[in-house]
Number of protein chains: 2
Amino acid sequence: MTDRLDAQIAFLLEADRLKSVNRATTIADGSRFENSGEHSWHLALFALVLADQAPDGVQVDRVIRMLLLHDLVEIDAGDAPIFDDHDVAALEAAEAKAADRIFALLPPDQATAFRALWDEFEANMTPDAIFAKSLDRFQPPVMNLASGGGSWTDYNVSEDQVRTRVGTKIDHGAPGLWSWLSPRIAAFFAKV
Amino acid sequence: MTDRLDAQIAFLLEADRLKSVNRATTIADGSRFENSGEHSWHLALFALVLADQAPDGVQVDRVIRMLLLHDLVEIDAGDAPIFDDHDVAALEAAEAKAADRIFALLPPDQATAFRALWDEFEANMTPDAIFAKSLDRFQPPVMNLASGGGSWTDYNVSEDQVRTRVGTKIDHGAPGLWSWLSPRIAAFFAKV
């Protein structure tokens with residue numbers, strides 16, 4: 001049991017490094033970039049608060065678990081801003097390698113279970129993953145609207161790009177959230 | 001439904017301010033103070049990973065919900081470092097007032113449910129709350145050991161104070177974690 005606990009604490013200390021990975025979005029007041037640790041908390045809170053936006057069959061507590069783990073790979077692979085250009089295959093390979101290393105710090109049964117949950121999130125095929133992914137796409141626009149532009153301004157993003165790269169995924173997993181967000185995005189881009 | 005969503009988003013944006021509340025502990029590498037937003041994520045991850053340390057009957061997903069919410073009152077009341085001197089009655093009053101304001105931003109049904117979960121955490125009487133509280137006492141020593149002293153050094157804390165103010169609560173809710181931590185605390189204080 002001590003070996004097991006040693007491994008669990010080693011994983012939790014490694015996870016701490018996610019607090020030092022900065023994202024492209026800022027906190028709501030625009031004063032600094034958000035880090036991926038606090039983002040993961042905020043997103044889990046989004047899932048808890050917006051649970052009534054989830055389609056029937058979604059298990060919100062499972063979505064929360066998924067969101068607590070979803071960004072850990074960024075400890076090695078970094079955050080890939082959605083409006084930046086990426087070599088998608090290279091990024092996916094880097095994230096998979098990161099998942100191999102980081103989840104393997106855990107005792108084998110947990111390593112397998114957590115890795116499966118992360119793989120499910122990434123594959124974005126199950127109802128839980130689709131809802132989790134839609135929240136991960138919904139939170140940054142909410143932050144950008146609050147801060148007055150954020151990553152949209154920094155990356156010189158058009159309304160069309162927001163609708164294509166972000167809107168479609170939100171609408172797929174949480175259409176009620178997209179109905180709320182869509183006119184606010186239109187109003188924002190009408191003014192810039 | 002739009003009014004409901006407006007209220008939920010207003011709450012989530014207010015919650016964002018927890019990312020700007022600094023704690024007395026640092027992140028594991030000691031480079032900066034930890035904020036209460038990322039702390040809440042880390043703690044929820046502790047609950048997920050250390051679930052097998054919970055006594056029978058503890059519902060870990062409920063503990064995670066509790067931990068996601070537990071520090072929101074600090075937006076108004078600030079973080080009260082455990083080794084600092086406090087007017088306990090004044091602090092509890094400030095936190096209750098903060099809870100009144102912050103949870104009331106939510107739709108009434110959620111305001112009631114979330115407030116009840118926070119009250120349960122604070123009262124520290126149910127199995128879920130006792131386990132949640134023990135994790136909240138366990139994470140800072142883990143961080144202090146990693147950073148080489150942290151708040152113990154800053155507040156000139158003795159081993160006895162750690163055992164009294166922190167150890168008893170950890171031992172109460174998660175004796176296995178205290179068995180792991182106790183000799184490590186002894187080894188740390190033997191060296192300083």
Side-chain angles (χ1 to χ4, degrees), chain A residues 1-2 4-9 11-20 27-29 31-32 34-53 59-62 64-65 67-69 71-72 106-107 109-110 114 138-139 142-143 145-146 176-177 179-181, chain B residues 1-2 4-9 11-20 27-29 31-32 34-53 59-62 64-65 67-69 71-72 106-107 109-110 114 138-139 142-143 145-146 176-177 179-181:
Chain A
M1 200 63 185
T2 301
R4 182 172 176 86
L5 202 38
D6 284 344
Q8 290 166 326
I9 306 284
F11 171 83
L12 288 166
L13 281 172
E14 183 67 18
D16 185 83
R17 295 176 60 200
L18 196 59
K19 301 169 188 169
S20 300
I27 61 173
D29 68 8
S31 61
R32 64 167 176 84
E34 187 186 31
N35 72 59
S36 292
E38 62 199 3
H39 164 74
S40 297
W41 163 71
H42 208 190
L43 213 46
L45 196 63
F46 270 61
L48 181 55
V49 170
L50 301 173
D52 48 16
Q53 297 289 334
Q59 299 175 50
V60 170
D61 286 315
R62 215 166 157 270
I64 290 173
R65 288 170 176 239
L67 291 171
L68 292 174
L69 301 173
D71 269 347
L72 285 172
L106 286 163
D109 60 312
Q110 289 188 314
F114 289 19
F138 178 67
Q139 187 256 11
V142 170
M143 305 300 279
L145 288 171
L177 295 183
S179 298
W180 184 91
L181 189 61
Chain B
M1 201 63 188
T2 300
R4 182 172 176 84
L5 202 39
D6 285 344
Q8 290 167 326
I9 307 283
F11 171 83
L12 289 167
L13 280 172
E14 183 66 17
D16 184 82
R17 294 175 60 200
L18 195 59
K19 301 169 187 168
S20 301
I27 61 173
D29 68 8
S31 60
R32 64 167 176 83
E34 186 186 32
N35 73 59
S36 293
E38 62 199 3
H39 165 74
S40 297
W41 163 72
H42 208 189
L43 213 45
L45 195 63
F46 270 62
L48 181 54
V49 170
L50 301 173
D52 48 15
Q53 295 289 334
Q59 300 175 54
V60 170
D61 286 315
R62 212 166 160 272
I64 290 173
R65 288 171 176 238
L67 291 171
L68 293 175
L69 301 173
D71 268 347
L72 284 172
L106 286 162
D109 60 311
Q110 288 187 315
F114 288 20
F138 179 68
Q139 187 256 12
V142 170
M143 305 301 277
L145 288 171
L177 296 183
S179 296
W180 183 91
L181 188 61

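Remember, predicted model here, so these are calculated numbers, not experimental data.
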- Give the C-alpha distance, both sets of side-chain angles, the deciding distance and a yes or no for side chain to side chain contact (heavy atoms under 4.5 Å, CB included) between Val142(B) and Leu12(A). CA-CA 9 Å; Val142(B) 170; Leu12(A) 288 166; over 6 Å; no

- Note on the structure: d(Trp180(A) CH2, Gln8(B) CD) to nearest 0.5 Å is 10.5 Å

- Please look at Leu72(B) and chain A and tell me whether the side chain, the backbone, both or neither of the residue comes under 4.5 angstrom of a heavy atom of that chain. side chain

- Note on the structure: To the nearest 0.5 Å, atom CG of Asp29(B) lies from atom CZ of Arg17(A) at 9.0 Å

- Query: Which pair of heavy atoms, one from Ala28(A) and one from Asp16(B), lies closest together, and at what distance?
  - Reply: N-OD2, 2.8 Å

- Task: State, with a plain yes or no, whether a side-chain heavy atom of Leu5(A) is found less than 4.5 Å away from one of Gln53(B).
- Result: yes

- Interatomic distance, Leu18(B) atom CG to Trp41(A) atom CH2 [nearest 0.5 angstrom]: 4.5 Å

- Query: With a 4.5 angstrom heavy-atom cut-off, which part of Ile9(B) approaches chain A: side chain, backbone, both or neither?
  - Reply: side chain

- Toward chain A, the part of Arg62(B) with a non-hydrogen atom under 4.5 Å: neither

- Do Lys19(A) and His42(B) have side-chain atoms, one donor and one acceptor, less than 3.5 Å apart? yes

- Hey, could you give me the CG/CG distance between Asp109(A) and Asp52(B), rounded to the nearest 0.5 Å? 7.5 Å

- Message: Less than 4.5 Å to any heavy atom of chain A: does that hold for the side chain of Leu48(B), its backbone, both, or neither?
- Response: both

- Query: Which answer fits Leu106(B), side chain, backbone, both or neither, if we ask what part of it has an atom under 4.5 Å from a heavy atom of chain A?
  - Reply: side chain

- Kindly compute the distance separating OG (Ser20(A)) from CZ (Arg32(B)), expressed to the nearest 0.5 Å. 5.5 Å

- Side chain, backbone, both or neither: which part of Ala146(B) has a non-hydrogen atom closer than 4.5 Å to chain A? side chain

- Item | Nearest-0.5 Å distance, CD of residue Gln110(A) to CG of residue Leu50(B) | 8.0 Å

- Query: In terms of heavy-atom proximity below 4.5 Å to chain B, should Ile64(A) be classed as side chain, backbone, both, or neither?
  - Reply: side chain

- Task: Inspect the contact between Arg65(B) and Asp61(A) and indicate whether a charged nitrogen and a carboxylate oxygen are less than 4.0 angstrom apart.
- Result: yes

